[in-house]
Structure formats: structure tokens, C-alpha cells
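Here is the structure we will look at, set down as C-alpha cells.
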There are 2 protein chains.
Amino acid sequence: MSAPAAPEPLAFSALVLALAGELVQGIHDRVVAAGFDDLRPAHGFAFARISYGGATTGELAEHLGVTKQAAAQLVDELVRKGYVERTTHPTDARARLLRLTERGWACTRAADAAAVEAVAPYRRLLGEERFAALVRDLAALGPKGPIRPAW
Amino acid sequence: MSAPAAPEPLAFSALVLALAGELVQGIHDRVVAAGFDDLRPAHGFAFARISYGGATTGELAEHLGVTKQAAAQLVDELVRKGYVERTTHPTDARARLLRLTERGWACTRAADAAAVEAVAPYRRLLGEERFAALVRDLAALGPKGPIRPAW
DNA sequence: TCGATATAGACAAGTTGCTTGTCCATTCCT
DNA sequence: AGGAATGGACAAGCAACTTGTCTATATCGA
């Protein structure tokens, strides 16, 4: 470390974090506006996992990076609000397979549309070409998740 | 919306969120490894604001997007742990000006170094040129904060 | 200059989303 | 078949936030 650290890395982190915050807020606001006002941003990560072929509470917990108990509480809430249902697991009598209800799917579709809208201004700002390059480079960084930001 | 929505916007959000999560984790891990193991990622946003010329509890609250009471609690904790001190405000006898202690500055320097290290792998992966372009394009999106991601 | 209103922050209590700890039913391994 | 592992429910506790209230100081208009 003879040379002083370049300022870009800090700027990069700050930019990514600020952008992530704006995206979450923008998507959430639109989902709420679409009538799903009893959800919070974190729920989206659960929907994403459950919609992906169903999941058990344990799988969901691992995906979210929380304990089984925390996931179970979250599932309770989503069941109570009508987004998720517990069905019997086809191969394991201990487990329950979580699935989205029709309302759950409707919310997922709304969230997808919200994401498209939330990103649109950035897309316009850069233009299709630079935006595509940006996505390509971000993908090249290969962020592996857990999808849930762990703070 | 005659054409189906392009898949990129969703991918873009997911990429940015996953990357943000990795960055926060990577920076936090290094800060902890540097001996500041009684802090959590969220504290960094407070340090950033206070180091920027000092701040009152109210200003900090607004910056973090939480209530004054929540900010006051956080400040209590940072004072107790020796990172922050409350001094008299030069022009307002009601307010207290928050400043970093030497330990607070040491932690800030460690966090800056941690950010440089955490970003380094991505930098290497893309190469200087593409990385610089990435930073430039992210900056062009002009994310305005609040610096604190609001979920 | 004084009185009304706004602001900085302390104090108290309640809510919530997570944690650890424990237990039972079912499954897997030998 | 029997013992260890696993999915998940139940209970209690904690930590970070919230709303509500209060005092001291500041600001502004008459």
C-alpha cells in the first residue's frame, strides 16, 4: 500500500448501495400502489423462492438466511394474509410444501411489473446500449446471493 | 405494452440487490476482522454522516431515515462503545454536536480500507477499463440516497 | 420586547421481527 | 429394528425500532 487507495472502490460501493435502496423503495411503492399494501419489501424474497417450484419452510429459511423459526413466522403471516398455502409434501410426511395462492401469484406478477417500471427511468437515462452493457457487466461480477441483502 | 416485458429489468434489480448484499457483507466482515467487532453494518451509515463535519441527532435521524428516538438510541450505543462523543453545539444550546472520537476515526479508516478490499475482486474480474465504465454508468444513474437502503 | 409556536432532544412504553432453546413426529442409515 | 438426523411446532427472550409525552431553548410576528 504505497500509493493512496483510489477513491473509486468506495464510490462503487456507495453507488451500488444507494441504487439498491432506490430500487427496493421504487418496487415496493408500486407493489403497494397495486393494492398489496400489507406486505413489506422483505416478503418479496420469500415469494421469489416459493414461486420457484414451491418450498418447505426449512428451504425458505436457508434461502432467506434466517432461522427456521423466523421463516415459519413469516409463512404464518403470509398464510394468514392469503398469499401462501401449506400443502402436504409429496414425499416427506414431516414436511409441508408451501405454494402461492392465486393472490400470491397476482402479487408476484405485480412485483415483476413494478420492477420493470422502477428500472425504466435508469434504462432511459443510459439508453438501451449502455444499459445492456451495464447489465452484462453486473452479471459478469457474478453475485451469488443469498438474494437477501444480509443487513 | 404490446411486447412482453423484457427480462433485463428484473435481472438488473436482482443483480444490484445481490451485489449490494455481497458488498455489505464483505465490508462488514473485514471491519470486524480489523477488531471493530461490536458494530453492525448499519452503523457505517451513521459514521459516514457524523464524519461529514459532525451532525446533530436530528440530522442523523433524517439521514438514516429513522425517528429521532431511534437515532438517539444508536448514538447512545456508539457513545457507550467509545466511537462518538456529544459536544456542545456552537450556535444552538438545545442541540448537541456529535463528533467521532479517535476510535471512531480509526474505524472509519478501517471501513474505507475494507471497501477497497471488498471491491478489488470485482475490479480484477472486469479489468480497469470495464470497471471504470461500470462506475461511470452507475454514477450516471444518479442514485440520490438516502444512503441507507430503506429495507 | 414579549408571547406564541416550532424545534432539539430526553424519557417511557409498546410493537415487531428476529433469536435461542426445547420438544415431537417422521425419515434415513446401518 | 433401532439409533441418529431432520422438518417443523411451541415458548420465551431480546434488540431495534415505533408512538407518545415532556422540558429547554430558539425563532418569529405583533
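Just so it is clear: chains get the letters A, B, ... in the order the sequence lines come, proteins before strands, and each one is counted from 1. Please read these numbers as outputs of a predicted model, since none were measured by experiment. No hydrogens, no waters, no symmetry mates; every other heavy atom, side chains included, goes into these values.
With a 6.0 Å radius and a threshold of 12 heavy atoms from other residues, nucleotides or ligands, Arg99(A) has its CZ atom at or below the threshold. Other residues, nucleotides and ligands place no more than 12 heavy atoms under 6.0 Å from the CD atom of Glu129(B).
Smallest separation of non-hydrogen atoms from Val31(B) and Cys107(B): CG1-SG, 4.4 Å.
A side-chain donor-acceptor contact under 3.5 Å links Arg30(A) to the backbone of Gly26(A). Put simply, the side chain of Thr87(B) gets close to the backbone of Leu97(B): a donor and an acceptor are under 3.5 Å apart.
In this structure, His89(B) atom NE2 and dT27(D) atom P are separated by 10 Å, rounded to whole Å. As a whole-Å value, the separation of Leu60(A) CG from dG17(C) P is 15 Å. If you measure from atom CZ of Phe45(A) to atom C1' of dC18(C), you get 17 Å, rounded to the nearest angstrom. dT18(D) atom C1' lies 15 Å from atom CG of Leu64(B), rounded to whole Å. Between the CD atom of Gln73(B) and the P atom of dA8(C) there is a distance of 19 Å, given to the nearest Å. Nucleotide dT19(C) holds its C1' atom 13 Å from the CZ atom of Arg40(B), rounded to whole Å. Note: CG (Leu98(A)) to C1' (dA9(D)) measures 14 Å, nearest angstrom.
Between Thr67(B) and Leu97(A), the one whose closest nucleotide on DNA chain D sits nearer the 5' end is Leu97(A). Residues Asp76(B) and Leu74(A) each lie close to DNA chain C; by heavy-atom proximity, the contact nearer the 5' end of the strand is made by Asp76(B).
Donor-acceptor pairing under 3.5 Å, judged by distance alone, is present between the side chain of Gln69(A) and the base of dG21(C).
Ring pair Phe47(B)/Tyr83(B) is perpendicular by interplanar angle, where above 60° counts as perpendicular and below 30° as parallel.
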Nucleotide N/O to protein N/O under 3.5 Å, stretch nucleotides 4-7 of chain D:
from: dT6(D); atom 1: O2; to: Arg94(A); atom 2: NH1; distance (Å): 2.4

